[in-house]
**Q** 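Below is one structure. I have some questions about it.
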Amino acid sequence: MADRPDAIPDLVIVGSGAAGLTAAVTALAQGLSVLVLESSDLVGGTTALSEGMIWAPNSPEARQLADAPDADDESKAALAYLQATAGNHFDSARAVAYLAAVEPMLALVKQHAGLHFALNRGSRDYVPDTQGATLGRRALNPLPIVARSMSRALFARLRPPLGTMMLFGGMSIASKDLHQFMNVARRPGAALAVVRLSAGYLRDRLNGWPRGTRLTNGGAIVAALADAVEKAGGIIQTRATVQRFVTDNGAVVGVDLGGKVLRARLGVILANGGLNAHPTARRALVGQPAHVALPPTAPGPHLDDLVAVLGARPDRTVSQPMLWAPASVVPDTVARSGPWPHFSDRAKPGVICVGPDGRRFANEASVYHDFVPALIDAHGSHPQGAHAWIVTDHKALRRYGLGPVGPFPARLRPYVRAGYLMCGQTLADLAGRIAIDATTFTATVARFNSHAERGEDPDFGRGASLYDRGNGDPAHGPNPTLGPMRHAPFYAIRIRTGDIGTFVGLKTDAAARVLAEDGTVISGLWAAGNAASPMTGGTYAAAGLTIGAAMTFGYIAALDAAKFGQGTAS
């Protein structure tokens, strides 16, 4: 593969995550030539570090269910759900376009990239009591792929998952694999599955692969799409940071990499992650001194500077600037190091979260992007920045794990030695180690325990919604997410504000064309993924909506670019 193009491509695509690579595969399928530019030295963007779930109402997998609704009824229900959760920020035209295009997008990546998905029957829309919400019908997980047929040069350039999503330094763990590892000491079937996965990983390493070739989650999406791009003749160029757009009579006709101009016949699709990819812009959006980037991104151009000359500006009129997630940072001295998002461990029986004042401040089982604003509201003015402690006892830790610390038989001592997992023989002892008031903390736990025994949480309503209960332990009663915390020793992990992306991006229309501030279309420029403002305007209504929209609008952008080249664009 040539690392630099010798001819002018039809499209330059900026960014190599789900949006950019889906756009590239789609464009290549339309007979166009593409050049994908990635500012870092690795391919995959933040998609490669994600779970890879996509939100896809009316998918073929969902229609196979015995109680599947009529396709038109499901589309109407999904649209109603998005509108109800987005409120005044809802962009109905783009939502309609998304719902119409997500299924053909899935068909295209299946045909041209061999990318398959499975319905996640346990995933529920995040606001389950809202009109149009469903359980187990809309979220899809990518199936693992085995990348042994991929060129080793491309494989080496793929961004690996976070250390928190691997074992043994290179074995990717799929979401569907987690229950096997959590039950390896309890169920013979789980132990056998883990042995098989480990044997495959060992074979790859003995054959000289730098990590396991069984790729999972967002890494599977990236690998399948990137492989398809190269095999179809597309070029992926890394270490290529766009400094400005090249224009001709107001139309975007290429990019400038800082002295090297790359032109494109049809224009540019921007899919580089938006404002959160720029450290200064991220800090301005976050407003927290100790924020954890989930995941860390390579510095790119400031989106404001990039588009200002085109008469455009990122849309900051969103309900929330970031897609929040509580996070901790696992030290480099222990396994699975790096940023760790605390999505569902907060909801397990025997787990609570307390602020630096020793008090609970939120429903621990709530959706992660709602939990962080509650943390900021309660403790955002703290001198050390908004932070809290996720606390559990020995029984719950050994049963469910906490963050990167796995359940029995995972070792606890390395995390305790590293100062990541704080341990106290009594609640008062733990309070002293994490510098919170022992009397307040002990009273907080006592109050929680007295209600948890009855499956109640009168303070924050934990466990009242289907979403809460789905993140708990279905075998635990009377409430799957509530259990007392009594079995010494006790443990705590410091959590801070984190994010997995931004909601601040460029305004686009239903064809993914970028709009100037006056509402006119900027010719030759499309945007998808986090580079585009979301159709829900700062709300996140369902698991997989970010990557689902990224892939779908990448697909839409490439199709519109193909029509543009034929003179038939919308």
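Predicted model, so just to flag it, every value in this text is computed and none were measured.
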**Q** Going through the checks in order, is the side chain to side chain contact (heavy atoms under 4.5 Å, CB included) test met by Tyr420 and Ile493?
**A** CA-CA 6 Å; Tyr420 173 77; Ile493 293 173; 3.5 Å; yes

**Q** Indicate the atoms forming the closest heavy-atom contact of Ala418 with Thr333, along with that distance.
**A**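 Smallest interatomic distance, heavy atoms only, reads CB-OG1, 3.7 Å.
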
**Q** Are the side chains of Val14 and Leu270 in touch, meaning some heavy atoms are under 4.5 Å apart?
**A**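 SC-SC contact between Val14 and Leu270 confirmed.
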
**Q** Atom CZ in Phe490, atom CD1 in Ile434: separation rounded to 0.5 Å?
**A**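 Going from CZ on Phe490 over to CD1 on Ile434, the span is 12.0 Å.
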
**Q** Is a side-chain N or O of Asn449 found less than 3.5 angstrom from the main chain of Met485, in a donor-acceptor match?
**A**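 Yes: the side chain of Asn449 pairs with the backbone of Met485.
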
**Q** Taking the side chain as everything from C-beta on, heavy atoms only, tell me whether Val391 gets closer than 4.5 Å to Val354.
**A**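 They are in side-chain contact.
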
**Q** Look only at the side chain of Arg157 and the backbone of Ile236, and say whether a donor-acceptor pair between them is shorter than 3.5 Å.
**A**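 Answer holds: yes.
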
**Q** With rounding to the nearest 0.5 angstrom, report the CG to CG distance, Asn479 to Asp468.
**A**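 Nearest 0.5 Å value for the CG-CG distance: 8.0 Å.
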
**Q** To the nearest 0.5 angstrom, please state how far the NE2 atom of His291 sits from the CH2 atom of Trp324.
**A**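 Going from NE2 on His291 over to CH2 on Trp324, the span is 6.0 Å.
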
**Q** Taking atom CG of Leu158 and atom OG of Ser16, what is their separation to the nearest 0.5 Å?
**A**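 With rounding to 0.5 Å, CG (Leu158) is 9.0 Å from OG (Ser16).
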
**Q** Measure the spacing between OG of Ser533 and CZ of Arg94 and express it to the nearest 0.5 Å.
**A**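 Rounded to the nearest 0.5 Å, the OG-CZ separation comes to 5.5 Å.
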
**Q** Quick one: are Pro356 and His387 in side-chain contact, heavy atoms under 4.5 Å?
**A**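 Answer yes - side chains close enough.
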
**Q** Looking only at side-chain N and O atoms, does Tyr126 offer a donor or acceptor that is under 3.5 Å from a partner on Tyr368?
**A**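 There is such a pair (donor and acceptor under 3.5 Å, judged by atom type) between the side chains of Tyr368 and Tyr126.
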
**Q** Under 3.5 Å, is there a donor on one side chain and an acceptor on the other for Thr440 and Asp437?
**A**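 A pair is found: one side chain offers a donor N or O, the other an acceptor, under 3.5 Å apart.
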
**Q** Is there a side-chain contact between Phe245 and Val307 (heavy atoms, below 4.5 Å)?
**A**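 Answer yes - side chains close enough.
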
**Q** Please confirm whether the backbone N or O of Gly403 pairs with a side-chain atom of Asp345, one donor and one acceptor, at under 3.5 Å?
**A**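 Judged by distance alone, yes, a pair lies under 3.5 Å.
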
**Q** Is His89 close to Thr539 at the side-chain level, that is, under 4.5 Å between some pair of heavy atoms?
**A**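 Counting from C-beta outward, Thr539 and His89 never come under 4.5 Å.
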
**Q** Salt bridge or not for Arg359 and Asp459, using N-O below 4.0 Å?
**A**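 Result for this pair is no, no salt bridge flagged.
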
**Q** Once rounded to the nearest 0.5 Å, what's the spacing between atom CZ of Arg211 and atom CE of Met171?
**A**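 If we round to the nearest 0.5 Å, Arg211:CZ and Met171:CE are 13.0 Å apart.
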
**Q** Would the number of heavy atoms belonging to other residues, nucleotides or ligands and lying under 6.0 Å from CG of Asp41 be above 12?
**A**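 Yes, enclosed.
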
**Q** Within the side chain of Glu38, is there an N or O that forms a donor-acceptor pair under 3.5 Å with the backbone of Ser40?
**A**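 Side chain of Glu38 to backbone of Ser40: a pair is present.
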
**Q** Where the side chain of Thr22 meets the backbone of Ala19, is there a donor-acceptor pair that is under 3.5 Å apart?
**A**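 No; judged by distance alone, with no hydrogens or angles, the pair does not exist.
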
**Q** Can you name the residues that form a salt bridge (Lys or Arg N to Asp or Glu O under 4.0 Å) with Arg124, not counting sequence neighbours?
**A**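 Counting only residues at least two positions away or on another chain, Arg124 forms no salt bridge (Lys or Arg N to Asp or Glu O under 4.0 Å).
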
**Q** With a sphere of 6.0 Å drawn around CZ of Arg411, does it hold more than 12 non-hydrogen atoms of other residues, nucleotides or ligands?
**A**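 No.
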
**Q** In terms of ring plane angle, is the pair Trp55 and Tyr81 parallel, tilted or perpendicular, where the classes change at 30° and 60°?
**A**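 Taking Tyr81 first and then Trp55, their aromatic rings sit tilted (interplane angle of 30° to 60°).
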
**Q** Are His342 and Phe371 an aromatic pair, judged by ring center distance below 6.0 Å?
**A**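 No, the ring of Phe371 stays outside the 6.0 Å limit from the ring of His342, centre to centre.
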
**Q** Which heavy atom of Ala388 sits nearest a heavy atom of Phe361, and at what distance?
**A**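 Taking Ala388 first and Phe361 second, the nearest heavy atoms are CB-CE2, 3.6 Å.
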
**Q** Taking the side chain as every heavy atom from C-beta outward, state whether Tyr400 and Pro407 have any pair of such atoms under 4.5 Å apart.
**A**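 Not touching, per the 4.5 Å side-chain cut-off.
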
**Q** Below 30° counts as parallel, above 60° as perpendicular, anything between as tilted: where do the rings of Phe503 and Tyr540 land?
**A**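 Because their plane-to-plane angle lies in the 30° to 60° range, the rings of Phe503 and Tyr540 count as tilted.
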
**Q** Under the side chain to side chain contact (heavy atoms under 4.5 Å, CB included) rule, what do Val405 and Trp340 come out as? Steps first, then yes or no, please.
**A** CA-CA 11 Å; Val405 184; Trp340 182 279; over 6 Å; no

**Q** Considering non-hydrogen atoms only, spot the tightest contact between Leu303 and Gly505 and give its length.
**A**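 Of all heavy-atom pairs spanning Leu303 and Gly505, the closest is CD2-CA, 4.5 Å.
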
**Q** For Asn530 and Gly501, which heavy atoms make the closest approach, and how far apart are they?
**A**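 So the minimum-distance heavy-atom pair works out to ND2-CA, 3.6 Å.
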
**Q** Determine, stepwise, if the pair Thr238 / Leu42 fulfils side chain to side chain contact (heavy atoms under 4.5 Å, CB included).
**A** CA-CA 7 Å; Thr238 52; Leu42 295 172; over 6 Å; no

**Q** Considering all heavy atoms of both residues, which atom of Leu225 and which atom of Ala18 are nearest to each other, and what is their separation?
**A**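 Smallest heavy-atom distance, with atoms named: CD1-O, 4.3 Å.
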
**Q** Would you say that Thr46 contacts Ile500 through its side chain, given a criterion of any heavy-atom pair below 4.5 Å between the two side chains?
**A**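 Thr46 vs Ile500: side chains apart.
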
**Q** Donor-acceptor check, side chain of Thr508 to backbone of Ala528, threshold 3.5 angstrom: yes or no?
**A**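 A pair under 3.5 Å: no.
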
**Q** Is it the case that the side chain of Thr444 and the backbone of Gly358 share a donor-acceptor pair, with hydrogens and angles ignored and the cut-off at 3.5 Å?
**A**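 The answer is yes, because a donor-acceptor pair under 3.5 Å joins these two groups.
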
**Q** Would you say Lys348's side chain and Asn471's backbone share a donor-acceptor pair under 3.5 angstrom?
**A**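 Pair found, side chain donor or acceptor close to backbone of Asn471.
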
**Q** Determine yes or no for a side-chain-to-main-chain donor-acceptor pair under 3.5 angstrom, with Arg346 supplying the side chain and Glu364 the backbone.
**A**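 Indeed, once roles are kept as given, a pair shorter than 3.5 Å links the two residues.
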
**Q** Apply salt bridge (Lys or Arg N to Asp or Glu O under 4.0 Å) to residues Asp91 and Lys507 and explain how you reach the verdict.
**A** CA-CA 10 Å; Asp91 187 330; Lys507 286 187 175 181; over 6 Å; no

**Q** Is the closest side-chain heavy-atom distance between Ser92 and Gln83 below 4.5 Å?
**A**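 A side-chain contact under 4.5 Å is absent here.
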
**Q** Go through the steps for Val416 and Leu421 under the test side chain to side chain contact (heavy atoms under 4.5 Å, CB included), then give the verdict.
**A** CA-CA 5 Å; Val416 173; Leu421 182 66; 3.9 Å; yes

**Q** Closest heavy-atom contact between Ala365 and Arg462?
**A**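 Residues Ala365 and Arg462, closest heavy atoms: CB-CG, 4.0 Å.
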
**Q** Using atom types as modelled and distance alone, determine if a side-chain donor or acceptor of Thr130 lies under 3.5 Å from a backbone N or O of Ala133.
**A**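 Judged by distance alone, no pair lies under 3.5 Å.
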
